[in-house]
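Worksheet: the structure to be examined is printed underneath.
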2 protein chains.
Amino acid sequence: MALKTDFNDKQIQILEVAETLFAEKGFDGTSIRNISKVAKINIAMISYYFGSKERLLESLIVYRTSDLKYQLDNLLQEDLEPIEKINKLIELYINRINSNRGIYRILHFEFTSKKREQNLQAFSELKKGNLKSLESIIEEGQKKGVFRKDVIIPLITPTILGTFFHFHMNKPFFENLLNLKTEDLYNNYIKTNLTKHIQQTIKALLIYES
Amino acid sequence: MALKTDFNDKQIQILEVAETLFAEKGFDGTSIRNISKVAKINIAMISYYFGSKERLLESLIVYRTSDLKYQLDNLLQEDLEPIEKINKLIELYINRINSNRGIYRILHFEFTSKKREQNLQAFSELKKGNLKSLESIIEEGQKKGVFRKDVIIPLITPTILGTFFHFHMNKPFFENLLNLKTEDLYNNYIKTNLTKHIQQTIKALLIYES
DNA sequence: GTTTAAGTTAAACACTTGTTTAATTTTGTT
DNA sequence: AACAAAATTAAACAAGTGTTTAACTTAAAC
């Protein structure tokens, strides 16, 4: 069975249950019986539709990461000051990852070990594209003389995304520390304070002269 | 069997094999038969010494994270400018995590989900202590008037550690992108460029006035 | 040297794993 | 209504899971 990019209703139902469970308990921590029980389908349907558990994961990645590039390209062509573009890019990243936590958690967890390196190709292309977009914004700012020139551009993405992920992966700790008792409060903190912190950090890094 | 803090040679042998395998393939992806085979001991020895696979993980955390607090306290009492203390703290963090990648990868991966929240207590105390240390350095700098006052201190740790983790978890990607063909080149890049990037970022954040 | 405890072993336990089979039901087409 | 393709099912498969057992060996204590 070849890797498809369009899925029927039942397949989508399976994919979304798998997304939740993989994100919650990891790929190895989730059994196909577990998935089929929650999705209320027979175990055999997963092999029938996707071929195997591994292929189910691959399909899930395809299903969720296909339109990010489009959103980024749109941002690039907007008529904004470089720093405003950076701020918008950060907002786009955080918003997108935050409302697709499941899949990004899975990407973060499952696609780092050598074990699944074969499936890593498409993911790697996505990251390269994202980096190119960031590069073009920063180089524009450097030409205009508003950004310093001694920053290491490929390390800026780790700072943006890493800050978010580290915050989110220590969710129970920060919920407790910052008194974010409800899911709404937590989400709101991300959308305002955390996003602002990251924007403030990157802005300082790009503009400050020591 | 109570949770011990001192281990005999055979236990340490098991713990270190477990560390490697958990880091490589995750907790669920590693079987006790796998561990016992690599450690060249009988399967039953793991239950005999640690009680269960879960308790083995707990023991591993205890075994590896017991002396970080001591190192931090030492740094606090050194006679340095606040910004120098911050730089040293960043260096300490990165160095320590980088030379204990296994356990930190495990902490990062296994202790985030609700699933193992019970074992999270000791880890949470460690993080609170670390935050207190960072807070005291920054407040010192603010009193001296060299650090701005509108930074959100608890979000600085995510930026420091998150940047490192995100970089390291995308190791294959950055090895390729930055031409870090050998393990030595990779480690060297972390010790110099990545550490400098993080120091530069945090410095800019703490000092830059918009 | 005997007794007690600690260490070590292979085998068995009950249970879960991902995948496949073959039979049955549903759906769509003529 | 008859046929073929697709969807769905329960059951079986072999292999792997964490843990426990009971027998055995080694080491320590008296």
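- In this view, Phe167(B) and Phe174(B), Tyr186(B), Tyr189(B) satisfy the ring-ring contact (aromatic ring centres under 6.0 Å, His included) rule, not counting sequence neighbours.
- Note on residues 93-104 of chain A: pairs passing salt bridge (charged side-chain N to carboxylate O under 4.0 Å, His left out), not counting sequence neighbours, are Asp67(A)-Arg96(A), Arg101(A)-Glu183(A).
- Nucleic acid contact for Ser36(A): none, since no nucleic acid atom lies under 4.0 Å from a heavy atom of the residue.
- Put simply, CG on Leu92(A) and CG on Leu68(A) are 6.5 Å apart, with the number rounded to the nearest 0.5 Å.
- Not one N or O on the side chain of Ser47(A) forms a donor-acceptor pair closer than 3.5 Å with the backbone of Ala44(A).
- Using a 4.5 Å heavy-atom threshold, the side chains of Asn42(B) and Tyr48(B) count as separate.
- Contact check, Ser52(B) against dG18(D): no side-chain N or O comes under 4.0 Å of OP1 or OP2.
- The aromatic rings of Phe7(A) and Phe50(A) are tilted relative to each other, their planes meeting at an angle between 30° and 60°.
- Scanning atom types as modelled, one donor and one acceptor separated by under 3.5 angstrom connect the side chain of Arg33(B) and the base of dG18(D).
- One finds the CD1 atom of Ile90(B) at 10.0 Å from the NE2 atom of His197(B) (value rounded to the nearest 0.5 Å).
- Interface limits on DNA chain C: the 5'-most and 3'-most nucleotides within less than 4.0 Å of chain B heavy atoms are dA6(C) to dA12(C).
- Distance alone, capped at 3.5 Å, places no donor-acceptor pair between the Lys69(B) side chain and the Leu126(B) backbone.
- With a 6.0 Å radius and a threshold of 12 heavy atoms from other residues, nucleotides or ligands, Asp9(A) has its CG atom at or below the threshold.
- At distances below 3.5 Å, at least one donor-acceptor pair connects side-chain atoms of Asn170(B) with backbone N or O atoms of His166(B).
- Panel note: side chain Gln13(B), backbone Ala39(B); a donor-acceptor pair is recorded below 3.5 Å.
- For the contact set between residues 14-21 of chain B and DNA chain D, defined by any heavy atom under 4.0 Å, there are no members.
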When you compare the protein's N or O atoms with those of nucleotides 7-10 of chain D, which come within less than 3.5 Å of each other, and at what distance?
unit_1  : atom_1 : unit_2   : atom_2 : d
dA7(D)  : OP2    : Tyr48(A) : OH     : 2.9
dT8(D)  : OP1    : Lys10(A) : NZ     : 3.2
dT8(D)  : OP2    : Tyr49(A) : OH     : 3.4
dT9(D)  : OP2    : Asn42(A) : N      : 3.3
dA10(D) : OP2    : Asn42(A) : ND2    : 3.4
dA10(D) : N7     : Asn42(A) : ND2    : 3.4

* Structure fact -> Applying the Watson-Crick and G-U criteria (both distances under 3.5 angstrom) with [ ] for crossing and | for other-strand pairs, one obtains for DNA chain D .|.|||||||||||||||||||||||||||
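- Taking atom CG of residue Asp28(B) and atom P of nucleotide dT17(D), one finds them 12 Å apart after rounding to whole Å.
- The interatomic distance linking Phe27(B) (CZ) with dT17(D) (P) rounds to 13 Å, in whole Å.
- In this structure, the side chain of Lys53(A) engages the main chain of Phe27(A) through a donor-acceptor pair within 3.5 Å.
- Salt bridge status for Arg105(A) with Glu19(A): absent, with no side-chain N to carboxylate O gap under 4.0 Å.
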